[in-house]
Amino acid sequence: MRSSRLSRIVLLLSLLLLVVPRSNGIVTAGHEDMPPHGIVCTENPTATFTLTTQEGTISLPDGNRVYMWGFSEGGDPFQHPGPTLCVTEGDTVTIVLNNTLSHDVSIIFPGQEGVLADGVPSEPVFDVGGNLTSFAPVAAANGGAVTYSFVAAKPGTYLYESGTEPGIQVNMGLFGALVVRPAAHPNWAYNEIVASGAVTYTTEFAPDEEFVLIFSEIDPVLHMAVEQGLPYDMNNFTPRYWNINGRSFPDTIAPNGAEWLPEQPYGSLIHINPYDVDTHPYPALIRILSVGSESFPHHPHGNHSRIIARDGSVLIDTDQSDLSYERFTVNLGPGQTVDEMFAWTDVENWHPIDNPIPVVIPQLQNLTFGTFYSGSPYLGQTDLLPVGHQALNSCGEYYHIAHNHALQQITAWGVVLSGHITFTRIDPPLPNNCQ
Amino acid sequence: MSKEYLTREISRRQLLKLGVGLVGVTAVSAVVPKALLKPYKVVEASPDVQPARQTAGAGTYRHYAATDGWVYLPGQNLPYHPDNLAPDGLTTYIFGFRNVTSIEDDHDKVFQQKMKAQLTSPMFWLDEWRDTASQGETDFTLRLTNLGLQMRPDLIDAHTLHFHGFRNAIPIFDGEPHSSVGVPISRDLTYFYRARDPGTYMFHCHFEETEHVHMGMVGGVFVRPKQNYLGFGGDPTSAARLGGNTAPGAPMGYAYNDGDGSTAYDREFAFVVSEVWTLAHWCDSHVQLPEWSDYNPDIYMMNGRAYPDTIAPNGGAIDSATGDLIPPAGRPELQYQPISSLVTCNSGDRVLLRFINLGYVEQSFRLTGIKMRVVGHDATLLRGRGPAGNDQNYFTDTVHVGAGQSVDAIFVAPEVDTMTRLLLFSRNFSHLSNPGIAGHGGPMTEVHIYPTSQPLGPQNEPNEWGL
Ligand SMILES: [Cu+2]
Ligand SMILES: [Cu+2]
C-alpha cells in the first residue's frame, strides 16, 4: 500500500515540477489562468457573481469517486469546492443563486450583516405549521433562483455555505470561501495596526504568498443516499474522507487546475520563500476555514503560525494592543475561520563549508529517503541519493508537512498518509534556479 | 456509475475485515507461541531509593532506541483487551522509545532492549541557547537507534523522532520521513537541536504516523529558558536553581523568559495525554490493519497509565546488568510505564503543570478546589508582541488542550495542616472509567499537598515526588 501511495506522489510531483512559475496569484476563475499555487480568486469589478448549483463527482486517493453537489460561477462545469469569491471592503456584493438540483438550496453568509434576499432581509424560513424549513430564503428546486446581496463591511476570511438541509448539503459540497480585502491596503489582511511601545505591526503579507485552506470531511454513505434519493439519518454521520480544498493528500499538493483533477481545481501547497529583512520581509497569509463537524487540529511543521484573526475579526484590542498569538497547532472549530501569518527563517544559516551541521549524516545505505528530500541537509543544496530513488526536489528546496494532528483523519478509508495533509515548500533565497 | 463503484468498495472492505482477518489471527497465534516471549523481570526498586530515572546521560546528549513491547492497562474488552498474545501480567502491545544512554557502550545490551519499549516515552529537556560561548552546554544531540519490532518481523518499518513545535526547523532534524530521512532497522541517526525558544513541546515518531503515534511512540520535551541562568530585569540574583542559583528562596525554574518572574515555579510535573483503542493495538499484534476512520479509543491515559495506576510510584531506573527497566516499587506490571502523574507539593509551592496532548481527541483537565493560571500555550508565553506586550495569561479551573497542543499552567498550593488531596482529571467524564470494570479510571490523578512542617525533597527531574 505504501509503495502505491508513493508512486502516486511521484506522478503528482513530476507533473508539479513541470508547471510554469508562479504569477502574481490573483486571476479570475478559469483553469488555464490559474497560478500553480496559492489563492485562486474569482472576482469582478461589480462584485456580482452567479452561483449555479451543479452535480458531479470527485476523485479520492483510494480510487473511489464520490457523488457531490457544488456551486459553480456562471455556466462553469461542476467544481468542488465552490469558487473563492474575492471582494473589496465596502463593495455591495450580489450573488445570484441558480438552482439546478432537485432539492431547494439557499446560501448563508456567516459573518456578514444586513444580508438581503431578493431585496428583503434574509431571514430563516418557516412553513405554515411554524416548522423551520431553511436558514435563508431558497432558490427552489429544479430551476429556481434567488439573489442575495450585502455590503462587505469588514475585511476578513469568511465562509459561504448552504443554509438548507445544511447537514446534508454542506457535506455534499455546497460551500466556498469569501475573502474581503481592505480597500486601502490590498496586501494587508486587515486595516488595523498594533501599537506596542515604539513598535508597530501590520497584517501586510507577501502578495504572492496568499493561501486558502478549506478543511472538510465526507461520509460516502451520505453521498450514496443522496444520489439514490434515499433518506439519511445524520445520527449515523461517519466521515471516511478528510479533504483540504476538496482534495485528499497527495492530491492536495498538486497544482491549481491540475488537469487530472478537473472537478477539484484548488491545490493546497504552501509555497514560500524564507524570511529576509531586505528581500522578503513579509510573511505568508494562510486563510483557514472549516466546514467540518468537529475540531480539526492543524499542525504545520517548520514553524509556529501567528493567528491574527478569527472568524473575520482581527485580534486587536480596543486600545490597539495585540491579541494575536502564536500556535504550533491551530484547533479549528466547526464553521470557524482563522487567518494566520506564516514565515520560516534560516536561523542557523547552516552551510556545507562555512557552517556545517554538527552531526554526521549516515551513508546512503543506512537511511530511508523521502520523496521530497534533496539529498542534502542544506537549503539550496542537492546531493547524492540512492540509485533508483525518485527525487522530487528541484533546487535543494525544503519541504515540511502540515497536517491534522487528529491522526485518524490523515487517512482515506483504508489508505494511510492521506486526508488532511499538505506540505509547505520553502525555496532557497532569491535569486535561485528553482522550478 | 459512482454509486455502483461505491457499493463494491464497501463490500470489499467488509470482506477484508471479516474474512482475511480471521485467517490472520489464526496464523499469528500459531507462529508466535507465548513461550517465545521473554518474561519480564521481577527485580524491583527498593522503596526507599529514589531511582535516577532519566538522568542517565543527562545534559546535552541522549541515546534513544525505538522498538515494540508490552504494557499493562486495566479493564477488559474481549477479544481485544487483554491481548491473548501478551506475556503474563501484561495486556497491550505497543511501539515506543527507550532511553539507552547509560548502556550504549554495550551494543548487545542495547539490542537486548528490543521488545522492551516504554509507554509513554522518556521525556527529555534542554536549555535554551544563551550565547555562542555557552552553546557547548546548550547544544543538544539525540541519537536514535531502530531496534526493529520483535512481534512483527514482517514489518520493516523505519522510525524517526519529530520534535513537534521546534521553530524554524530544517527537515533533516524534523523527523518527517517524506521531507528528509528515516532510520531503518539496526541503523541510527543523530538529531541536533539548538533551541532558541523556551516552552513545552512534544516528540513522536513520524513514520506511518497514524499507526506509530497511536501505538505509543510519544513523549514530552521542554526547552528551559535562559532566564533560569540570567535572571530577569538585569538582576542575576533572580536566576533560578536550575540555572545554578543556590540562594534560599530561588525558584526551581521559570517556564518562559517572562521578564518579571511571573512564570516562576518550585515543582514541575508533565502529563503526556494519549489514548489506546484496544482494537487497533490488538490488530497490530495480530497482523491486522484497523480502519482508522472507525477510531474509537476505550482507554484514556496520563503518562501511559490509567487511574489509579497514574498515582503509582515512578520507575525507570536501569538495571545495569541487563539494561532493562526496574519496575516501580511494588508494581512489577508497570515496569514499562515508569512515569508517575502524582503531583506532590508543599503549601506555598508554585507548581508548574505541563499538559501535552498526543492523543487524537481534545481534552479538558480540571483541577478541583483551586484555580490554575495558564501562562503558556504551544511553547509560547501568553503575551502580546513587542516592548509593550500585554499580559494574556488567565485563571481557570479547566484547561482545554487540543490534539497536538500543549498548555502550561501554574497553581499555588494552599495552606494545609495535614496532607490534603485534590483531584486533577479529564472533565470528559466518559473517559474517566476503565473498560468493562466499575469504578473510576482513565486520565485522572491526585495532587497531594503537604504542610510546610513536612518539607518534600527537591526535584532532580520533573514528576519526582520528593517523598
Ligand atoms: Cu515509528
Ligand atoms: Cu506532531
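Here is how names work: the chains are called A, B, and so on, in the same order as the sequence lines, proteins then strands, and each is numbered from 1.
At least one donor-acceptor pair closer than 3.5 Å links the side chain of A:Trp344 to the backbone N or O of B:Ala169.
In terms of heavy-atom pairs under 4.5 Å with chain A, the best-connected choice from B:His162, B:Arg383, B:Arg143, B:His400 is B:His162. Among B:Ala158, B:Gly165, B:Gly182, B:Pro184, the residue with the largest count of heavy-atom pairs under 4.5 Å with chain A is B:Gly182. Heavy-atom pairs under 4.5 Å with chain A were tallied for B:Pro387, B:Gly402, B:Gly384; the largest tally goes to B:Pro387. Listed options A:Val199, A:Val359, A:Val347 were ranked by heavy-atom pairs under 4.5 angstrom with chain B; first place goes to A:Val359. Among the candidates A:Ala195, A:Ser321, A:Pro358, the residue making the largest number of heavy-atom pairs closer than 4.5 Å to chain B is A:Pro358. Listed options A:Ile410, A:Leu367, A:Asp346 were ranked by heavy-atom pairs under 4.5 angstrom with chain B; first place goes to A:Leu367. Here B:Ile170 is the residue among B:Asn146, B:Ile170, B:Ile172 with the most heavy-atom pairs under 4.5 Å with chain A. Heavy-atom pairs under 4.5 Å with chain B peak, among A:Thr200, A:Thr238, A:Asn303, at A:Asn303.
Note that OG1 of A:Thr329 and CG of B:Asn357 are 9.5 Å apart. Values are rounded to the nearest 0.5 Å. Atom CZ in B:Phe166 sits 13.0 Å away from atom CZ in A:Phe328 (nearest 0.5 Å). Note: B:Ser179 OG to A:Tyr373 OH = 10.0 Å, rounded to the nearest 0.5 Å. B:Ser180 contributes atom OG, which lies 10.5 Å from atom NE2 of A:His301 (distance to the nearest 0.5 angstrom). The distance from the OG atom of B:Ser293 to the CG atom of A:Asp219 is 9.0 Å, given to the nearest 0.5 Å. In this structure, the separation between OG1 on A:Thr368 and CD1 on B:Ile185 is 11.0 Å, given to the nearest 0.5 Å.
When every heavy atom of A:His405 is checked against every heavy atom of B:Tyr360, the shortest pair comes out as O-CD2, 4.0 Å. Minimum heavy-atom separation, A:Ser196 to B:Ala388: OG-N, 2.9 Å. Contact between B:Ala403 and A:Pro297 at its shortest, heavy atoms only, is O-CB, 3.3 Å.
Heavy atoms of B:Thr141 lying under 4.5 Å from chain A belong exclusively to its side chain. Interface residue A:Ile357: only side-chain heavy atoms are found under 4.5 Å from chain B. A:Tyr275 does not touch chain B: none of its heavy atoms, backbone or side chain, sits under 4.5 Å away. Neither the backbone nor the side chain of A:Ile426 comes within contact range of chain B; no heavy atoms are under 4.5 Å apart. For A:Tyr201, the part lying under 4.5 angstrom from a heavy atom of chain B is the side chain only. Of the atoms belonging to A:Ala198, it is backbone heavy atoms, and not side-chain ones, that fall under 4.5 Å from chain B. Contacts between A:His403 and chain B at a heavy-atom distance below 4.5 Å involve the side chain alone, from C-beta outward. Proximity to chain A is limited to the side chain of B:Glu362, based on heavy atoms less than 4.5 angstrom apart. In this structure, no portion of A:Glu294 lies under 4.5 Å from any heavy atom of chain B. Heavy atoms of A:Pro377 lying under 4.5 Å from chain B belong to its backbone as well as its side chain. Heavy atoms of A:Thr411 lying under 4.5 Å from chain B belong exclusively to its side chain. Of the atoms belonging to B:Ala379, heavy atoms from both backbone and side chain fall under 4.5 Å from chain A. Contact of B:Asp188 with chain A is made through the backbone alone, with heavy-atom distances under 4.5 Å. A:Val360 does not touch chain B: none of its heavy atoms, backbone or side chain, sits under 4.5 Å away. Both the backbone and the side chain of B:Ser406 come within contact range of chain A, each with at least one heavy atom under 4.5 Å from a heavy atom of that chain. In this structure, the portions of B:Thr190 lying under 4.5 Å from any heavy atom of chain A include both its backbone and its side chain. For a residue to count as touching a neighbouring chain, one of its non-hydrogen atoms must lie under 4.5 Å from one of that chain's; by this rule A:Gln365 touches chain B with the backbone only.
Tested against A:Glu326, the residues B:Arg167, B:Arg385, B:His377 include a single side chain to side chain donor-acceptor pair (under 3.5 Å) partner, B:Arg167.
Outside the 6.0 Å centre-distance limit, the rings of B:His178 and A:His400 are not counted as a close aromatic pair. The ring of A:Trp350 has its center closer than 6.0 angstrom to the ring center of B:Phe192.
Under the 4.5 Å side-chain criterion, counting only non-hydrogen atoms from C-beta, A:Arg240 is in contact with B:Asp294. Contact annotation: the side chain of B:Gln405 approaches that of A:Asn331 to within less than 4.5 Å [non-hydrogen atoms, C-beta and beyond].
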Mind running side-chain contact (heavy atoms from CB on, under 4.5 Å) on A:Tyr325 and B:Leu382 for me, showing each step along the way?
-> CA-CA 8 Å; A:Tyr325 51 88; B:Leu382 292 185; 5.8 Å; no
side-chain contact (heavy atoms from CB on, under 4.5 Å) between A:Leu323 and B:Asn390, worked out | CA-CA 8 Å; A:Leu323 295 175; B:Asn390 50 318; 3.9 Å; yes
Determine, step by step, whether B:Arg196 and A:Glu348 satisfy the side-chain contact (heavy atoms from CB on, under 4.5 Å) criterion, reporting the C-alpha distance in whole Å, the side-chain angles of both residues, the deciding distance to 0.1 Å, and the verdict.
-> CA-CA 10 Å; B:Arg196 295 176 183 269; A:Glu348 307 298 345; 2.6 Å; yes
In a table with atom names and distances, give each donor-acceptor pair under 3.5 Å that connects a side chain of residues 209-222 of chain B to protein atoms at least two apart or in another chain.
| residue | atom | partner | partner atom | Å |
| --- | --- | --- | --- | --- |
| B:Glu209 | OE1 | B:His206 | ND1 | 2.8 |
| B:Thr210 | OG1 | A:Leu407 | O | 2.8 |
| B:His212 | ND1 | B:His159 | ND1 | 3.3 |
| B:His212 | ND1 | B:Phe207 | O | 3.2 |
| B:His212 | NE2 | B:Asp157 | OD2 | 2.7 |
| B:His214 | ND1 | B:Tyr295 | OH | 3.4 |
| B:His214 | NE2 | B:Trp277 | N | 3.0 |
| B:His214 | NE2 | B:His281 | NE2 | 3.3 |

